[in-house]
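Please read the structure below before turning to the comments.
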Amino acid sequence: MLGCRNEKVWKVGKPKEKQHYQCKKYRRKFITELNYDEEFKKKTIQIFY
């Protein structure tokens, strides 16, 4: 699962229609889906290259 190397995580809500998870060991919250539009992706690539 993305966001934490610990295998013990639980679901902590779904704000803005994206499932949030929390690591039981470190108590860090994360999501596994990042949906960006194509224009944002292109601009981001241009900044780094």
### Task
Decide side chain to side chain contact (heavy atoms under 4.5 Å, CB included) for Gln22 and Arg28; before the verdict, give the C-alpha distance in whole Å, the side-chain angles of both, and the deciding distance to 0.1 Å.
CA-CA 5 Å; Gln22 186 173 21; Arg28 296 221 34 177; over 6 Å; no
### Task
Any chance you could lay out the side chain to side chain contact (heavy atoms under 4.5 Å, CB included) test for Lys24 and Trp10, step after step, and finish with the verdict?
CA-CA 7 Å; Lys24 289 184 178 183; Trp10 69 76; 2.6 Å; yes
### Query
Sequence neighbours excluded, which residues qualify as side chain to side chain contact (heavy atoms under 4.5 Å, CB included) partners of Glu39?
Asp37, Lys43
### Query
When rounded to the nearest 0.5 angstrom, what distance separates OH in Tyr26 from NZ in Lys8?
12.0 Å
#### Entry: Check against side chain to side chain contact (heavy atoms under 4.5 Å, CB included), His20 and Lys14
CA-CA 6 Å; His20 287 228; Lys14 201 170 184 181; over 6 Å; no
### Task
Give a yes or no on this: more than 12 heavy atoms of other residues, nucleotides or ligands lie within 6.0 Å of atom NZ of Lys29.
no
### Task
Provide the closest heavy-atom pair for Tyr21 versus Val9 in the form atom of the first, atom of the second, distance.
CD2-CG2, 4.5 Å
